[in-house]
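This report concerns only the one structure given below.
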Amino acid sequence: MINRRNFVKLSAMSTFYLMGSVNGIARIPYIGKGDIRLGGPIFKEINNNPVEWIKAHKEWGYSAAYCPIEADASDELIKAFEIAAKKENLIIAEVGAWSNPISTNDQHRNKAIEYCINQLELADKIGANCCVNIAGSRNPDKWDGPHEDNLTNDTFDLIVETTQKIIDAVKPRRTYFSLETMPYIFPNSIESY
């Protein structure tokens, strides 16, 4: 847990660090256990180039990153990004699996589950901290939208079963499958989260 004083201290240090970059290129500092890493979008095409990817993160002063490739990348490219990140002390924080694995449309649902499985496999291969998605939605028109059926016990059970199916298919050893909380699934219920 971080208290207000440490948050202010870390914020000030981050600002000082970013202002201290040379020619717009900051060194990724040593990050110790328990330290907060910052990451975010880099707004730059990297064209599957690990060197450009690292350079872009250094320019922003980031020490954490989104995974820059999809599951259909070659094993060689996946390994190249993993090695580059380790060498430069850049954590691959997440692999996105943004989709609706509880869709009411069976074709969309199955495609989403397959996508989640593939992205979780990528996260495990590349050593990302997690593979992240939302629980999904029973809304037939909006993959991440509100719907009354999202709030039923049957949907809760479907989320659990679907998540277990994805994890069982991969059996990850180095990463986690994570569901980002969203306001359309069981609001105001601590127990459901």
Side-chain angles (χ1 to χ4, degrees), residues 10-11 13-32 35-101 103 107-137 141-145 166 169-170 172-182:
L10 285 169
S11 298
M13 288 171 44
S14 298
T15 303
F16 177 78
Y17 169 75
L18 291 173
M19 290 172 41
S21 64
V22 178
N23 297 326
I25 306 291
R27 287 187 47 229
I28 296 175
Y30 172 76
I31 303 292
D35 289 344
I36 295 175
R37 290 178 176 263
L38 297 177
I42 55 174
F43 306 108
K44 186 175 184 180
E45 286 294 323
I46 57 142
N47 299 317
N48 288 335
N49 184 323
V51 173
E52 288 299 314
W53 180 64
I54 293 292
K55 182 180 174 188
H57 283 82
K58 285 183 178 183
E59 287 170 357
W60 282 91
Y62 291 154
S63 59
Y66 304 123
C67 181
I69 54 180
E70 291 285 321
D72 60 357
S74 70
D75 286 342
E76 294 78 19
L77 187 60
I78 293 169
K79 196 67 172 169
F81 275 100
E82 179 188 13
I83 290 169
K86 282 182 183 174
K87 181 180 175 195
E88 295 295 331
N89 192 28
L90 183 68
I91 292 292
I92 302 173
E94 71 177 54
V95 171
W98 307 112
S99 59
N100 186 3
S103 173
Q107 183 179 357
H108 293 160
R109 179 173 188 268
N110 291 333
K111 186 175 180 181
I113 291 170
E114 188 64 28
Y115 181 64
C116 289
I117 289 168
N118 291 337
Q119 292 297 95
L120 181 57
E121 286 175 343
L122 169 62
D124 205 45
K125 282 182 189 176
I126 206 163
N129 285 358
C130 71
C131 176
V132 63
N133 194 10
I134 61 172
S137 176
D141 301 317
K142 187 161 173 51
W143 75 279
D144 60 349
I166 293 164
V170 177
R173 295 172 306 142
R174 305 194 304 164
T175 193
Y176 297 93
F177 187 69
S178 303
L179 296 180
E180 185 175 291
T181 56
M182 53 187 262

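This chain uses plain numbering: 1 for the first residue, then up along the sequence.
Residues Ala71 and Leu122 come closest through the heavy atom pair N-CD2, 3.6 Å. The shortest heavy-atom contact between His57 and Ala65 is NE2-CB, 3.1 Å. Counting all heavy atoms, side chain and backbone alike, Ile46 lies closest to Pro68 at CD1-CB, 3.7 Å.
Qualifying side-chain hydrogen bond (donor to acceptor under 3.5 Å, both in side chains) partners for Asn133, counting only residues two or more places apart in sequence or in other chains: Ser99. The side-chain hydrogen bond (donor to acceptor under 3.5 Å, both in side chains) check on Tyr66 picks up nothing, with sequence neighbours excluded. For the side chain to side chain contact (heavy atoms under 4.5 Å, CB included) test, residues two or more places apart in sequence or in another chain that qualify with Ala85 are Trp53, Leu90, Ile92. Residues forming a side chain to side chain contact (heavy atoms under 4.5 Å, CB included) with Ala84 (at least two apart in sequence, or on another chain): Pro50, Ile54. Asp75 is linked by a side chain to side chain contact (heavy atoms under 4.5 Å, CB included) to Ile78, Lys125, counting only residues two or more places apart in sequence or in another chain. Residues passing the side chain to side chain contact (heavy atoms under 4.5 Å, CB included) test with Ser178, sequence neighbours excluded: Cys130, Val132, Tyr176. For the salt bridge (Lys or Arg N to Asp or Glu O under 4.0 Å) test, no residue two or more places apart in sequence or in another chain qualifies with Lys111. With sequence neighbours left out, Glu52 forms a salt bridge (Lys or Arg N to Asp or Glu O under 4.0 Å) with Lys44. For Glu82, the salt bridge (Lys or Arg N to Asp or Glu O under 4.0 Å) test picks out Lys79, Lys86, Arg174, with sequence neighbours left out.
Residues Asn48 and Ile69 have side chains in contact (heavy-atom distance under 4.5 Å, counting atoms from C-beta outward). Using a 4.5 Å heavy-atom cutoff, the side chains of Trp143 and Ser137 are not in contact. Within the 4.5 Å cutoff, the side chain of Ile166 has heavy atoms near those of the Ile113 side chain. Using a 4.5 Å heavy-atom threshold, the side chains of Asn89 and Ser63 count as separate. By the 4.5 Å heavy-atom criterion applied to side chains, His108 and Asn100 are not counted as neighbours.
Salt-bridge check for Lys142 with Asp144: passed, with a basic side-chain N closer than 4.0 Å to an acidic carboxylate O.
Identified under the salt bridge (charged side-chain N to carboxylate O under 4.0 Å, His left out) test for residues 91-101, with sequence neighbours left out: none.
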Mind running side-chain contact (heavy atoms from CB on, under 4.5 Å) on Gln119 and Phe177 for me, showing each step along the way? CA-CA 10 Å; Gln119 292 297 95; Phe177 187 69; over 6 Å; no
Can you list the steps and then say if Glu88 with Lys58 is a side-chain contact (heavy atoms from CB on, under 4.5 Å)? CA-CA 9 Å; Glu88 295 295 331; Lys58 285 183 178 183; 3.0 Å; yes
For side-chain contact (heavy atoms from CB on, under 4.5 Å), just list the numbers for Tyr115 and Trp98, CA-CA rounded to whole Å, side-chain angles, deciding distance to a tenth of an Å, and then say yes or no. CA-CA 9 Å; Tyr115 181 64; Trp98 307 112; 5.6 Å; no
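Checking each of Ile117, Thr175, Asn118 against Val170 for a side-chain contact (heavy atoms from CB on, under 4.5 Å) leaves exactly one that passes, namely Ile117.
A donor-acceptor pair is defined here as one N or O able to donate and one able to accept, closer than 3.5 Å; such a pair exists between the side chain of Asn49 and the backbone of Val51.
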